[in-house]
Amino acid sequence: MASSLCGQIQALSRRLTSTGSIPHSSHPTHSNNSSPVVEDRHIEGETMNKRWLTSTAVVAAAVLLASCSGGNAGDGSGGESGEKVTITYGVWAGTQTPAMKEIAQAFTEQNPNIVVKVEERPWPEYWSTLQTGAAGGTAPDAFWMLAQNIRPYAAGGQLLDVTDQIEKDGVDLEKYPQAVLDLYDQGDGKIYGLPKDVDTNAVWYNKAIFDAAGVDYPSEDWTWEDYRETAKKLTDASKGVWGTAAPIDYQGGYYNTIFQAGGKVISDDGKTAEIGSPEAQKGIEFWTNLQADGSSPTLKQLSDTEAETMFEQGKIGMYMSGSYWALKMYDNKEFAPNVDVAPMPIGEKRATVTSGILNVGFSGTKHPEAVKKFLLYASGEEAAEIQAKSGAVLPAYEGAEKVWMAAMPEFTNLQVFIDAKEYSVPLPTEGNAAEWQGEQTKYLTGAWEGTTTVADATAQYADAIDKVLAQK
């Protein structure tokens, strides 16, 4: 009887998710309402802006299904009884995959009865498949999660609580950036995983473009005005070169300058938007001014070719973005000698947003103990060393930073990303963040293109954010 009921629930869940909403973004991301590109966190070159609309019916079915899956979980021994088990580890495609496979192999060498199969999917397919799989009982046993996407999964009971394993293993949480841990705190007393990496932002720049224009490289204490004037000097329309790129990019772009201006995106209590405040508007004007100056490609041009690609093509002098681009640029042997990086320019203060990928587990796994064991390993010290040596990502685990920098010795100024942790603030992810962040092109494009004021655009966007935050 119970088996029959679970089968009916699975069938219902599949029907619901086949018509349910999925992330509408791709790489690069385009809004359904406008053509300009929106750039967001690029982890191994994958754009991170998406809308995540989870219906009540899908969540309800998922909760019931998780109960069914738990009932069929077996002994959950993870190979401790002598039985060999295989667990899957879902990641999105990019430069990190080889390191993830090496981590999986190293874990199995220490736990020979647990085999970890890394499953790689392209960025948009990763999220659509994960949403359907989590609701339908076919999600990977372990997988990557982003802070702006975690809420529906946690609320739907689709994530494994690893609090007991953390306590059992005596994991020292102080080894991880508190700002990133806070991002994933759902206020329910549960820990769903530990961060595998951390990212901050700085300014990548092309030394060859600076040299050709006779412009000094950025200094440690440069300001917003310095950045703007430098961008003007580097721009050479006759050569198809722009001083900088100013896409609608929240993580690599305007969130940083909002905080630098002393503003906020969301109120401290998480209930209302503050993106319409004078300080936040000033942070956004940093970017709209660059567009108005002609120092950046237009949004249409950035839609056709994303900013990072244009930077590697030698068409952009400065690109404000994250540490996650380091290996991709380093591996471009023709371009790498021209690459350097400087700290963020200073507004009212210095600031950068920070985030990181969380290793999480599916609550419906048949091998919960094996999955918990792997999750803690994959975010632990040994895995951090493996990640760091590959150069693919700056590990979250304290102490692996020097190893990461040593993997790319010709990039001599990567320390700026590590130093930035001292003035970093958590990426705003209140409420269903993927939903309200997905509305940014709809409301901000006019300000970037000069067809509406920043004040009007941010006021309308704030109203839209408030409606999402009011949802239970």
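In this text, all values refer to a predicted model and were calculated from it rather than measured experimentally.
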Closest non-hydrogen atom pair, [X] against [Y]:
X: Ala388; Y: Ala407; result: O-CB, 3.5 Å
X: Val118; Y: Ala104; result: CG2-CB, 4.0 Å
X: Thr429; Y: Ala147; result: CG2-CB, 3.8 Å
X: Ala447; Y: Thr452; result: N-CG2, 3.4 Å
X: Ala384; Y: Pro395; result: O-CG, 3.4 Å
X: Gly90; Y: Pro140; result: N-CB, 3.8 Å

So does [Y] get a backbone contact from the side chain of [X], meaning a donor-acceptor N/O pair under 3.5 Å?
X: Ser303; Y: Leu299; value: no
X: Asp185; Y: Gly187; value: yes
X: Ser296; Y: Ala246; value: yes
X: Ser128; Y: Pro124; value: yes
X: Gln437; Y: Pro428; value: yes
X: Asn338; Y: Asn206; value: no
X: Arg228; Y: Leu290; value: no
X: Glu401; Y: Gly399; value: yes
X: Trp222; Y: Pro343; value: yes
X: Glu312; Y: Thr309; value: no

Are a donor atom and an acceptor atom from the side chains of [X] and [Y] found within less than 3.5 Å of each other?
X: Gln178; Y: Asp182; answer: yes
X: Trp287; Y: Thr257; answer: yes
X: Tyr255; Y: Asp249; answer: no
X: Glu285; Y: Asn289; answer: no
X: Thr88; Y: Asp141; answer: yes
X: Asn256; Y: Thr352; answer: yes
X: Ser379; Y: Tyr176; answer: no
X: Tyr126; Y: Trp144; answer: no
X: Trp92; Y: Glu125; answer: no
X: Gln96; Y: Lys196; answer: yes
X: Gln260; Y: Lys349; answer: no
X: Asn201; Y: Gln251; answer: no

Would Asp216 and Phe210 satisfy side-chain contact (heavy atoms from CB on, under 4.5 Å), going step by step from the backbone distance to the final call? CA-CA 7 Å; Asp216 291 338; Phe210 274 75; over 6 Å; no

**OP:** Could you walk me through whether Lys175 and Glu381 pass salt bridge (charged side-chain N to carboxylate O under 4.0 Å, His left out), step by step?
**Re:** CA-CA 9 Å; Lys175 293 292 185 179; Glu381 185 174 10; over 6 Å; no

Side chains of [X] and [Y]: closer than 4.5 Å at any heavy-atom pair?
X: Ile266; Y: Thr272; result: no
X: Trp242; Y: Leu234; result: no
X: Ile346; Y: Trp224; result: no
X: Lys315; Y: Lys239; result: no
X: Ser323; Y: Leu414; result: no
X: Thr129; Y: Thr138; result: no
X: Ile465; Y: Ile275; result: yes
X: Val425; Y: Thr354; result: no

Under-4.0 Å salt bridge between [X] and [Y]:
X: Asp463; Y: Lys467; answer: no
X: Glu120; Y: Lys101; answer: no
X: Lys264; Y: Asp268; answer: yes
X: Glu430; Y: Lys271; answer: no

Establish, yes or no, whether a centroid distance under 6.0 Å links the rings of [X] and [Y].
X: Tyr227; Y: Phe286; value: yes
X: Phe411; Y: Tyr330; value: yes
X: Tyr217; Y: Tyr205; value: yes
X: Tyr319; Y: Trp204; value: no
X: Phe374; Y: Tyr89; value: yes

**Message:** Apply salt bridge (charged side-chain N to carboxylate O under 4.0 Å, His left out) to residues Asp211 and Lys207 and explain how you reach the verdict.
**Reply:** CA-CA 6 Å; Asp211 293 344; Lys207 292 183 290 185; over 6 Å; no

Cation-pi check, Lys421 to Phe417: give yes when NZ or CZ is under 6.0 Å from the six-membered ring centre and within 45° of the ring axis, no otherwise. no

Verify side-chain contact (heavy atoms from CB on, under 4.5 Å) between Phe311 and Ser321, making sure each step is shown before the conclusion.
-> CA-CA 11 Å; Phe311 181 67; Ser321 196; over 6 Å; no

Can you list the steps and then say if Glu229 with Lys232 is a salt bridge (charged side-chain N to carboxylate O under 4.0 Å, His left out)?
CA-CA 5 Å; Glu229 291 304 312; Lys232 289 179 181 179; 3.4 Å; yes

Report the relative orientation of the aromatic rings in Phe107 and Tyr377; use parallel for angles under 30°, tilted for 30 to 60°, perpendicular for over 60°.
tilted

CE of Met408 to OG of Ser390, rounded to nearest 0.5 Å, is 8.0 Å

Separation between CD (Gln415) and CH2 (Trp404), nearest 0.5 Å, reads 9.5 Å

Q | Glu398/Glu174 under side-chain contact (heavy atoms from CB on, under 4.5 Å): CA gap, chis, key distance, verdict | A | CA-CA 8 Å; Glu398 184 181 279; Glu174 292 187 1; over 6 Å; no

- May I have the step-by-step check of salt bridge (charged side-chain N to carboxylate O under 4.0 Å, His left out) for Lys389 and Glu102, ending in yes or no? CA-CA 11 Å; Lys389 288 178 181 177; Glu102 188 176 347; over 6 Å; no

*Check against side-chain contact (heavy atoms from CB on, under 4.5 Å), Val454 and Gln281*: CA-CA 6 Å; Val454 170; Gln281 290 176 23; 3.9 Å; yes

